[in-house]
Amino acid sequence: MKRKSLLFVMASVCLFSCQQQEELQDPSKEVIDFSTSIDQSINNALTRNSSSLTLPLKNNFAAGDVISMSVAEQDYHPFAIGMDSQTWNEAGTDSETVTFYAHYPELTGEAATTRSLSSRYREIKGGLEYLFGTAQANKGARNVALTFKRMTTPVVLLDENNQPYEGRAIVKLFLKNEGVQDLFSGKIEVAPNAQPEYIDIRKVSEGILTNLIPQIIKAGEKIGTVILDGKEEPIIADEDITIEAGTPVAVRMYARRGIIDERTPLFR
């Protein structure tokens with residue numbers, strides 16, 4: 001009798017051990033290893049030579065940074081990098097090839113629980129830096145690499161020596177500052193009813209850059225002012241300008257020529 005009991009216990013232990021091993025080998029229950037990267041081409045676009053500028057922009061993610069992440073166009077959920085975890089079993093999709101979507105800063109309000117089948121857009125205000133990342137992976141893959149791009153346009157004030165401007169002039173751009181973002185492509189466009197408004201442009205030394213909503217400026221439009229020693233003069237676009245996501249607007253201050261963008265001349 002004792003021998004039968006012993007055999008039963010040994011069989012139970014073996015069965016339990018086999019079940020545990022099968023669970024560990026089941027790819028759907030393994031924690032996904034997420035890595036992140038941010039497009040770094042922005043510095044190259046601002047330099048005329050091999051030297052680079054150190055800009056106060058988000059260049060990498062640290063443990064604890066919170067993004068909003070969606071799998072296969074499902075609801076977005078907050079995800080703390082290096083702290084939170086997710087398995088394929090929790091992903092809730094049967095697709096063999098899966099797309100991940102991510103926003104930084106994290107989504108708030110109704111946008112965080114918006115499904116693509118209802119409304120996939122949110123309203124945003126310019127000024128901040130918005131990043132959007134995607135990744136594609138086969139279901140069950142151990143590693144998923146999220147690649148982020150900048151969806152707004154940073155403005156960098158530079159002097160005539162191509163260095164961060166530290167003079168006394170105050171620059172205010174007069175542009176549309178309200179946008180609409182597609183949650184699953186990341187694209188930001190000017191809101192239909194947006195009107196131009198004055199936007200204070202920060203210096204590099206202030207530790208944060210002003211970001212613009214991508215938009216098109218027509219030749220002859222007043223797009224801002226320069227204030228120096230109490231005198232205010234307008235900035236007028238000399239020709240059409242396209243402000244593109246992730247492509248910085250380098251505004252250079254010249255003693256005699258006032259303010260220009262390297263790609264498109266402006267005049268006061």
Side-chain angles (χ1 to χ4, degrees), residues 34-69 78-82 101-108 122 124-135 145-159 161-167 169-173 175-179 181-183 185-190 199-215 224 241-253 259-264:
F34 289 100
S35 61
T36 58
S37 63
I38 301 174
D39 179 26
Q40 299 298 319
S41 63
I42 193 166
N43 284 347
N44 296 332
L46 287 171
T47 56
R48 296 175 180 172
N49 48 47
S50 59
S51 64
S52 61
L53 295 170
T54 300
L55 301 177
L57 295 169
K58 186 76 172 175
N59 289 311
N60 54 68
F61 290 99
D65 281 346
V66 179
I67 62 176
S68 287
M69 190 159 62
F79 186 86
I81 295 174
Y101 306 87
H103 287 268
Y104 181 86
E106 66 176 308
L107 303 178
T108 58
R122 66 160 172 166
I124 68 168
K125 186 78 172 176
L128 298 178
E129 180 180 16
Y130 289 91
L131 305 178
F132 175 73
T134 59
L146 287 166
T147 303
F148 285 80
K149 293 183 178 181
R150 305 177 199 278
M151 306 313 297
T152 45
T153 305
V155 182
V156 185
L157 293 180
L158 300 174
D159 62 23
N161 297 316
N162 207 40
Q163 296 300 310
Y165 177 73
E166 293 299 336
I170 298 173
V171 179
K172 295 177 179 285
L173 293 184
L175 300 172
K176 295 176 180 179
N177 202 36
E178 296 178 351
Q181 183 177 35
D182 185 320
L183 295 176
S185 74
K187 185 178 181 180
I188 297 175
E189 296 180 330
V190 172
I199 307 167
D200 294 331
I201 305 303
R202 296 185 176 96
K203 299 176 184 176
V204 172
S205 59
E206 294 181 67
I208 183 172
L209 297 182
T210 304
N211 279 261
L212 305 176
I213 299 293
Q215 58 194 279
I241 305 170
T242 299
I243 297 178
E244 300 176 294
T247 301
V249 172
V251 177
R252 290 181 169 82
M253 305 292 288
I259 178 172
I260 70 166
D261 174 82
E262 188 176 59
R263 297 167 300 159
T264 306

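Scope of the values below: all heavy atoms of this structure, side chains included, with no hydrogens, waters or symmetry mates.
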* Asked: Taking T147 for the side chain and S37 for the main chain, is one N or O donor matched with an acceptor at less than 3.5 Å?
  -> no
* **Sidechain-backbone polar pair: Q181 side chain, G186 backbone, donor-acceptor under 3.5 Å** => yes
* To do: Taking E178 for its side chain and K176 for its backbone only, find out whether a donor-acceptor pair lies under 3.5 Å.
  => no
* Side chains of V204 and P56 in contact at under 4.5 Å (non-hydrogen atoms) -> yes
* Structure fact -> In short, K125 meets I213 closest at the heavy-atom pair C-CD1, 4.4 Å
* Asked: Can you list the residues that meet the salt bridge (Lys or Arg N to Asp or Glu O under 4.0 Å) rule with R202, with sequence neighbours excluded?
  -> none
* To do: Would you confirm whether Q215, through its side chain, and L175, through its main-chain N or O, come within 3.5 Å as a donor-acceptor pair?
  => no
* To do: Write down the atom of L209, the atom of P154, and the distance for their closest heavy-atom approach.
  => CD1-CB, 4.2 Å
* To do: Write down the atom of A169, the atom of K203, and the distance for their closest heavy-atom approach.
  => O-CE, 4.2 Å
* Partners passing ring-ring contact (aromatic ring centres under 6.0 Å, His included) against Y165 (at least two apart in sequence or in another chain) -> none
* Asked: Looking only at heavy atoms, what is the nearest atom pair of L157 and V171, with distance?
  -> CD2-CG2, 4.0 Å
* Quick one: does T210's side chain have a donor or acceptor within less than 3.5 Å of a partner on D200's backbone? -> yes
* Keeping the roles fixed (side chain from D159, backbone from N161), state whether a donor-acceptor pair exists under 3.5 Å. => yes
* **Partner residues of F61 under the ring-ring contact (aromatic ring centres under 6.0 Å, His included) criterion, sequence neighbours left out** => Y104, F148
* Are any of the side-chain nitrogens in R150 or E129 under 4.0 Å away from the carboxylate oxygens of its partner? -> yes
* Asked: Looking only at heavy atoms, what is the nearest atom pair of A145 and A135, with distance?
  -> O-CB, 3.0 Å
